[in-house]
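Below is one structure, written out as structure tokens, with a few remarks after it.
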Amino acid sequence: MTSGFDDIPFFDEEPAPRKQPPGKPAAESPEPAGGLGIAARAMAARGQSRSPDYLSGLNPEQREAVETTEGPVLVLAGAGTGKTRVLTTRIAHILETGRAYPSQILAVTFTNKAAREMKERIGLLVGGAVEGMPWLGTFHSIGVKILRRHAELVGLRSDFSILDTDDIIRLIKQLIQAEGLDDKRWPARQFAGMIDGWKNKGLDPAQIPEGDARAFGNGRGRELYTAYQNRLKSLNACDFGDLLLHPIRMFRANPDILRDYHDRFRYILVDEYQDTNTAQYMWLRLLAQRSAPSRMTRDQTGAQASDRRPDDISSAPAQASADRRDTAASESKGRPTVNICCVGDDDQSIYGWRGAEVDNILRFEKDFPGAKVIKLERNYRSTEHILGAAGHLIAHNEGRLGKTLFTERTNPDDQKVMVHAAWDSEEEARAVGEEIERLQRGDADGKNHNLNDMAILVRASFQMREFEDRFVTLGLNYRVIGGPRFYERLEVRDAMAYFRLVCQPADDLAFERIINTPKRGLGDTTVRTLHDYARARDIPMLAAAADICETDELKPKARKSLWDVVQNFSRWSQRLETLPPNELAEQVLEESGYTDMWKNDKSAEAPGRLDNLKELVRSMEEEESMRAFLERIALVMDAEQNESMDAVSIMTLHSAKGLEFDTVFLPGWEEGLFPHQRALDEGGRSGLEEERRLAYVGLTRAKHLCHIWFVSNRRIHGLWQSTMPSRFLDELPNTHVEVAESDTSYGGYGRGGYGQSRFDKAEPFQNSYSTPGWKRAQANKTDATRDNWGNRSGHAVERIGYGESGPRGKTIEGELVAKSTSSTPSKFSIGDRVFHLKFGNGNVAGIEGNKLTIEFDRAGQKRVLDGFVEKVG
DNA sequence: ATCTGTGGACTTTTT
DNA sequence: GTCCACAGAT
């Protein structure tokens, strides 16, 4: 999203905005820079008494939200009420009326996807590309942009790198060991989580609660946090939290710089405000509170409260809310208006566990006195049954701002929300599969539904597997959204480590990652020597490596090998300025022997990894510099998805927020799973309420049909457990919900089913060979394709962002996917050593046509299709 | 250096 | 049940 730090448009590079009081009409405004079209249209708009095009088609509330440009505005936008439309139209309106230049608008979102979408839609409204919206982006991308410019003020260089979770855990692990603590007893992962939590709250090491500090590492939590920050600094690196916290520190310490930003950002817009955490809140407050310079400094540094030091990032959370109220009230007096517009929905706050504070949205009017609150309740997405069900459910939550969605489009044919019971999760998956096929065929309502219009939204990702299994069997196309991402794959991360080190020779984490990858005979001993050497002299490891080669501290073999690496990197670094990034990347991967490493690897996943590396290099073609690329990747973790094929989407409820589907399936509505037991245990009442909001999000994703399922038996951690229907089912209103008559012998809402054996029931499709899906699988067999993981499959499976270990936990039982005819002689013979993506290595014990019986080393005997195994050795 | 066995964890996840 | 990380063996 952001390109290199060196091309950030900044204050002095732009024409000075003509000072104009907020609210002055467009007519007096000069032509915005680079905005001929915009200006022309604005002029035209001004000349007409009629309202401009982009405003027509908005409902009165939306229109108010768009046109109330001055002063604080909170838009409470219920699900499907046109939230994005309001945000984008509002920006277009500000631009078209000449209230601000594109570069004077700060618009923050949580995800890159949302930012991208907004850019596109503003472009459509304003006509042409919105080149001049440099400050539309995620909290983090905007944070980086600010930080790159002022890095030295927080002790970093502007080419600092952004570490991902993996790096951070390795780093913390080193710190824990350096403290002489047992890294078994004190897991780095846990501490990383704690740091993340503190940073979400905007807490420096000095500010963390005593209890927290004691809770980890024999009471050394605070020291570890301090050590962690120091280490980051010496690595010239940041974690994600720092992208917000460093700017906050920098603003606090440099009021003059903050003032520049105040002058710049005439309008601030925030998407998904209910998801902001305390740090983001503080960041926004700093940018939003244009105030009298002298007073501001005091307030912003927290000096107002006597018990606080000036370097405090914030008041600690305990004191925060009370203080905030006071300061908000006092700060607002006699200040220029804050043109901040926050859009959100308290009923869709589902990220509390990640530090989001719903309280931020609940408190908006107190934070910004005189704020206008606009509720968008007119829903354009769902039927009245769906809205009725969702509304009734969410009404069980307390402490809401209280919205009730309604629709004006009622249709007597609309189906109620259906609740289905199934015996166990397997039957659930089967029933959902059948329903999907019914819809697809048009048997359900006479309409042929596209798979693209259907989604299965689960509470926890382990639920996905059963659906995947079933859909593989049926030959039903599906796509899994979420999960490990492209950029988290081993080979991609290795390659990135090389690139990082080329760009940033001080990146020790990258160094350690690749120094012996591929194997160069630089094992633990050498690395430790290097590490100590570097630490003793306070220099980066790559520099230490260069130095140490001049000495005789290493054995000749290691020294030679290390020297080669050092030479390579210095050569590559020199090419940084001259070669296009993709060419340099290719050279690095070739000359380092990294590509060869995978070429020589005979394992089944090696070809896929090589493909990924190619893809990585290819994706750098358009990039202007390797640095810019690294930054983009650090901030943009989502892989682009291929929407071309027709497929059912499978995803978690969390990743479904913001999406909509004609038909939505919501399986797993059982106590313990949904609401999740852990949410209840750890979150208590508020935990339950967040779960309920999650249910609300799920329901409101549906436009026309919504099917809820619950089962009586589910396997949890490997054990079969009988389960109770979710309490949320009882919270649905009868008027909008219908309990499906079970089409299997078991079933019926509330009928229990205990005491039955799961084998008692008659299976309608005991024989899978009679299912339509099997027939389809037969039909598809000719165009069996190879998917990304080297699986051959008769139907397309798309994984957005899955990789690394292949389809995680996808069971590919061959019997049911029979694809090739048995007439072709098998390419395997008894005794062959084979590899299976899921079961690992094994020996062929029997062959029947294309089905192999394999004795796996670990998984035991299995029957699988030959397409799913590879010969090895 | 690579393979194998064991122990622990296991909700949600963006940046 | 299953995945992952790591220690110890080969």
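Since the structure is predicted, the reported quantities are computational estimates derived from the model, not experimental observations. Order of the sequence lines sets the chain letters (A, B, ...), proteins ahead of strands, with each chain counted from 1.
A stacking contact links A/H676 to B/dT11: the aromatic ring centre lies within less than 5.5 Å of the base's six-membered ring centre, and the planes differ by less than 30°. Ring-base stacking between A/H717 and B/dC10 is satisfied, the centre separation being under 5.5 Å and the plane angle under 30°.
Contact check, A/K113 against B/dT14: no side-chain N or O comes under 4.0 Å of OP1 or OP2. The side chain of A/T652 places an N or O atom within less than 4.0 Å of a non-bridging phosphate oxygen (OP1 or OP2) of B/dT13. Close to B/dT12, at under 4.0 Å from its OP1 or OP2, lies no side-chain N or O of A/S655. Between A/N112 and the phosphate of B/dT14, there is no side-chain N or O to OP1/OP2 separation shorter than 4.0 Å.
In this structure, CG of A/L673 is placed 10 Å from P of B/dT12, rounded to the nearest angstrom. B/dT11 atom C1' lies 15 Å from atom CG of A/L457, rounded to whole Å. In this structure, A/W353 atom CH2 and B/dT13 atom C1' are separated by 4 Å, rounded to whole Å. One can place CG of A/L490 at 12 Å from P of C/dC4, the figure rounded to the nearest angstrom. The CZ atom of A/F139 sits 13 Å away from the P atom of B/dT15 (whole-angstrom rounding). Computed from coordinates, the A/L163 CG to B/dT15 C1' distance equals 13 Å when rounded to whole Å. In this structure, A/E468 atom CD and C/dT2 atom C1' are separated by 15 Å, rounded to whole Å. The distance between atom CZ of A/R189 and atom C1' of B/dT11, rounded to the nearest whole Å, is 15 Å.
Summary of the strand contacts: A/T165 and A/I350 both lie near DNA chain B, and taking for each the nucleotide with the nearest heavy atom, the more 5' one is attributed to A/I350. Closest-nucleotide positions on DNA chain B for A/K519 and A/T111 were compared, and the one nearer the 5' end corresponds to A/K519.
Not less than 6.0 angstrom separates the ring centroid of A/H246 from the ring centroid of A/W283. Taking the six-membered ring wherever Trp is involved, the centroid distance between the rings of A/W186 and A/F216 falls below 6.0 Å.
Closest to the side chain of A/A460, out of B/dT15, B/dT13, B/dT12, is B/dT12. Closest approach to the A/R354 side chain among C/dT2, B/dT15, B/dT13 is made by B/dT13 (side chain taken as heavy atoms from C-beta onward). Here the nucleotide nearest the side chain of A/F240, chosen from B/dT15, B/dT13, B/dT11, is B/dT15. Residue A/K173 has its side chain nearest to C/dC6 when only B/dT15, B/dT11, C/dC6 are considered. Of the candidates B/dT11, C/dG1, B/dT13, C/dG1 carries the atom nearest the A/R715 side chain, counting heavy atoms from C-beta on.
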Q) Taking it one step at a time, do A/M496 and A/L616 satisfy side-chain contact (heavy atoms from CB on, under 4.5 Å)? A) CA-CA 9 Å; A/M496 301 281 291; A/L616 181 71; 4.1 Å; yes
Q) What's the verdict on side-chain contact (heavy atoms from CB on, under 4.5 Å) for A/I394 and A/R693, showing C-alpha distance, side-chain angles and the deciding distance? A) CA-CA 7 Å; A/I394 199 65; A/R693 291 192 290 267; 3.8 Å; yes
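Checked by distance alone, A/R459 brings a side-chain donor or acceptor within 3.5 Å of a matching partner on the base of B/dT12.
A/W598 and A/Y594 have perpendicular rings, their planes meeting at more than 60° on a 0 to 90° scale where under 30° would count as parallel.
Here the CD1 atom belonging to A/I146 is positioned 7.5 Å from the CG atom belonging to A/L106, to the nearest 0.5 angstrom.
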